[in-house]
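Here is the structure we will look at.
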Amino acid sequence: MKQSVLIASVLGGGIALGAVGVAGIQAMKSSKPEAAIVASAPLAQASAPAIQALAPSAASSTLAQAAPQASTPVAAAAPKPAPKPVHATHAKILGVTPIREAGTEPKQVCHQEQVVHQAPVQDENRIAGSVLGGVVGGLLGNQVGGGNGKKAATVIGALAGGYAGNRVQEGMQQRDQVTGTRTICNTEETKTEKIVGYNVRYSLDGKTGTVRMDEKPKGKTLPAKDGKLLI
């Protein structure tokens with residue numbers, strides 16, 4: 001039933017439009033344009049219901065076509081992968097502090113000391129003193145008495161002189177001293193301080209840190225990779 005009404009409306013509208021077109025052509029040819037306009041007015045009014053009837057159906061058709069498109073979900077855009085961080089290849093050295101360790105160790109300490117000792121004895125038996133004393137004593141004994149007494153005095157003088165000369169030479173040897181120096185050494189515990197390492201303060205990728213190293217770094221940087229020191 002609705003389709004029949006729709007078809008009838010479409011046909012009525014077409015007839016009305018055709019009538020309006022014919023009336024317009026005739027009006028252009030006629031010398032009375034006002035009469036043609038008056039004659040075409042009822043036809044336009046007659047076609048208005050048909051046009052109004054077409055409007056809802058056209059709107060519903062448009063909505064029917066747009067509805068499936070509106071219901072189709074739109075796929076969300078995939079997130080972009082985060083960029084990889086860029087690390088420095090070297091760390092900047094900010095400061096180096098030596099690590100010191102105190103202790104003790106044995107050390108030999110020596111000093112010079114003055115000493116006095118007896119000079120080396122060349123004539124240990126003091127023969128020279130005995131001979132010289134005997135000669136002197138014999139000469140003195142020979143001056144005493146005469147004859148056999150004189151001989152006895154000479155022998156006694158030689159013996160006494162020899163003994164006296166030996167004792168004199170012994171005293172001289174004991175008093176013959178020399179002065180010298182000698183080195184005296186002692187072992188003492190002395191305090192020591194040695195460097196056992198270095199605390200190195202550095203800056204890498206905008207961050208600061210401290211690392212202990214056995215040797216003092218050479219230069220002003222330290223090698224690094226992926227944000228870590230290569231030491």
From [X] [atom1] over to [Y] [atom2], what is the distance, rounded to the nearest 0.5 angstrom?
| X | Y | atom1 | atom2 | value |
| --- | --- | --- | --- | --- |
| T221 | K92 | OG1 | NZ | 10.5 Å |
| I99 | R212 | CD1 | CZ | 4.0 Å |
| H90 | L230 | NE2 | CG | 9.0 Å |
| T181 | E113 | OG1 | CD | 10.0 Å |

Any salt bridge linking E188 with K107? Criterion: basic side-chain nitrogen under 4.0 Å from a carboxylate oxygen.
no
Listed partners of N199 passing side chain to side chain donor-acceptor pair (under 3.5 Å), at least two apart
none
Which residues pass the side chain to side chain donor-acceptor pair (under 3.5 Å) test with T183, sequence neighbours left out?
Q112
Can you tell me if H87 and D205 form a side-chain donor-acceptor pair at under 3.5 Å?
yes
Side chains of R100 and V196 in contact at under 4.5 Å (non-hydrogen atoms)
no
When you compare the side chain of V86 with that of K84, does any pair of heavy atoms fall below 4.5 Å?
no
In terms of heavy-atom contacts, A224 and A91 come closest through CB-N, 4.4 Å
Other than I195, what residues sit in its cluster of Ile, Leu, Val, Met, Phe, Trp and Tyr side chains whose heavy atoms are under 4.5 Å apart, directly or through others?
I93, V96, Y198, V200, Y202, L204, V211, M213, L222, L229, I231
Backbone N or O of Q108 within a donor-acceptor pair of the T187 side chain at under 3.5 Å?
no
Got a donor-acceptor contact below 3.5 angstrom from the S203 side chain to the L94 backbone?
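A pair under 3.5 Å: no.
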